[in-house]
Amino acid sequence: MNELINTLMQDARVWQGDRHIQTRQPAEPTGYQTLDNHLGGLGWPRGALSECLLDAPGIGELQLVLPLMQRLTRSGKTVFWLNPPLIPYAPALAREGVDLKQVVMIHTDDNGDLLWTLENCLRSAVTGLVLAWPGKLAARDIRRLQLAAEAGSNICVLFRNRRLAGQSSPAALRLELEAGRHQDLRINVLKRRGSWPGQHCTLAMVHRAHVPLPETSRIVPGPW
């Protein structure tokens, strides 16, 4: 019995109040050291779902996953885009070092097709990353996708509406994203394995937008 309890206590999925547990789950660095520090020194969990919750596209959410796209496409892994709300701007991605030959964009007709496509992409051995804008998902659908991500040991980032922040989700990582006033991105960690929520940080995105910071700041959408 003691061995069983000790095993459970070492499992990062078992929450132990305010005690931090170093997760043994594999992960990929985000490319932003400040954010990685708030994620236990890890990053995007591999073999699991991550959710980015935001009010509207174009606030820097793609720049958040850009270092991961660079790294995975250069290693020969495929990055799938499912139902992006806007057309990705290929020259900007290429300029940032993303291998476009490893990028596949898919549009589905309905939610059933989306779930089927997502599940198969996540289980595929050629996949490195799946980016998806699924709209409405039931909890059972997210659990289904979580199992597919575990089976393929792949990374999946779902971009969903920020109003869902108060709802429970089986996703391993949940980030709430807000546009800052100075071309930055404010990130609130709503959930992550092995620790409590509430960490937050701000990431500057000016250097990735390749534009100077004006006196009156505005958010630069992209790279779409």
Side-chain angles (χ1 to χ4, degrees), residues 12 22-52 57 60-84 86-108 114-134 145-159 171-175 177 185 187 189 192-194 201 203-205 207-210 222-224:
Q22 181 65 44
T23 176
R24 297 176 182 175
Q25 297 292 323
E28 287 283 344
T30 64
Y32 297 91
Q33 189 60 54
T34 300
L35 179 57
D36 285 345
N37 291 341
H38 288 288
L39 299 178
L42 298 173
W44 301 108
R46 180 174 290 281
L49 297 183
S50 298
E51 291 184 342
C52 289
E61 70 277 11
L62 287 184
Q63 293 171 22
L64 188 62
V65 297
L66 185 58
L68 180 61
M69 285 193 287
Q70 294 170 338
R71 195 162 60 248
L72 292 176
T73 58
R74 288 174 180 175
S75 67
K77 288 293 186 178
T78 301
V79 175
F80 289 95
W81 298 49
L82 273 68
N83 292 359
L86 300 170
I87 298 175
Y89 187 52
L93 292 174
R95 181 190 65 203
E96 295 292 345
V98 176
D99 186 352
L100 297 181
K101 296 190 298 295
Q102 300 299 128
V103 176
V104 177
M105 185 171 62
I106 302 173
H107 285 281
T108 59
L114 172 65
L115 288 173
W116 184 90
T117 304
L118 257 173
E119 189 172 13
N120 281 274
C121 288
L122 288 172
R123 291 181 181 275
S124 174
V126 305
T127 302
L129 170 67
V130 178
L131 306 175
W133 290 258
L145 296 175
Q146 172 64 38
L147 291 174
E150 289 178 4
S153 189
N154 284 314
I155 302 172
C156 180
V157 180
L158 303 178
F159 297 96
L173 176 65
R174 304 188 82 203
L175 303 178
L177 310 182
L185 186 66
I187 302 174
V189 181
R192 75 175 179 88
R193 286 179 178 171
C201 63
L203 302 180
M205 295 296 177
H207 66 293
R208 294 197 179 278
H210 295 288
W224 285 106

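It should be emphasised that the depicted structure is a prediction, and the values quoted were computed from it without experimental measurement.
Judged by distance alone, with hydrogens and angles left aside, the side-chain atoms of N154 form a donor-acceptor pair with the main-chain N or O of S124 at under 3.5 Å. No side-chain donor-acceptor contact under 3.5 Å links N83 to the backbone of P134. A donor-acceptor pair is defined here as one N or O able to donate and one able to accept, closer than 3.5 Å; such a pair exists between the side chain of T127 and the backbone of C121. Although no hydrogens or angles enter the test, the distance criterion places no donor-acceptor pair under 3.5 Å between the side chain of D99 and the main chain of G76. Formation of a donor-acceptor pair under 3.5 Å by the R174 side chain with backbone atoms of E51 is not found in this model. At distances below 3.5 Å, at least one donor-acceptor pair connects side-chain atoms of Q70 with backbone N or O atoms of E96. Using a distance-only test at 3.5 Å, with no hydrogens or angles considered, no donor-acceptor pair links the side chain of R192 to the main chain of P45.
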Review point. Can V189 and L175 be said to form a side chain to side chain contact (heavy atoms under 4.5 Å, CB included), step by step?
Key: CA-CA 5 Å; V189 181; L175 303 178; 3.9 Å; yes

Review point. Does the side chain to side chain contact (heavy atoms under 4.5 Å, CB included) test come out yes or no for Q63 and Y32, once each step is laid out?
Key: CA-CA 10 Å; Q63 293 171 22; Y32 297 91; 4.3 Å; yes

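In this structure, CG on L72 lies 10.0 Å from CD on Q102, to the nearest 0.5 angstrom. Taking OG1 from T108 and CG from L82, the interatomic distance works out to 6.5 Å, rounded to the nearest 0.5 Å. Annotation: the span from L115 atom CG to N120 atom CG amounts to 11.0 Å, rounded to 0.5 Å. Taking CZ of R71 as the reference point, atom CG of L66 lies at 10.5 Å (rounded to 0.5 Å). To the nearest 0.5 Å, the span separating CG on L35 from OG1 on T30 amounts to 4.0 Å. The CG atom of L64 sits 6.0 Å away from atom CG of L185, with the distance rounded to the nearest 0.5 Å.
When all heavy atoms of T34 and C201 are compared, the closest pair comes out as CG2-CB, 3.9 Å. Residues R123 and A151 approach most closely at NH1-CB, 3.3 Å, considering heavy atoms. Nearest heavy-atom pair across G31 and P67 is CA-CB, 3.9 Å. C156 and L122 make their closest contact through CB-CD2, 3.5 Å (heavy atoms, listed as atom of the first residue, atom of the second, distance). Heavy-atom minimum distance, E28 versus L68: CB-CD1, 3.8 Å. Of all heavy-atom pairs spanning W44 and C52, the tightest one is CH2-SG, 4.0 Å.
The shortest distance between side-chain heavy atoms of P88 and W81 falls below 4.5 Å. Using a 4.5 Å heavy-atom cutoff, the side chains of L131 and M69 are in contact. The shortest distance between side-chain heavy atoms of I155 and V130 does not fall below 4.5 Å.
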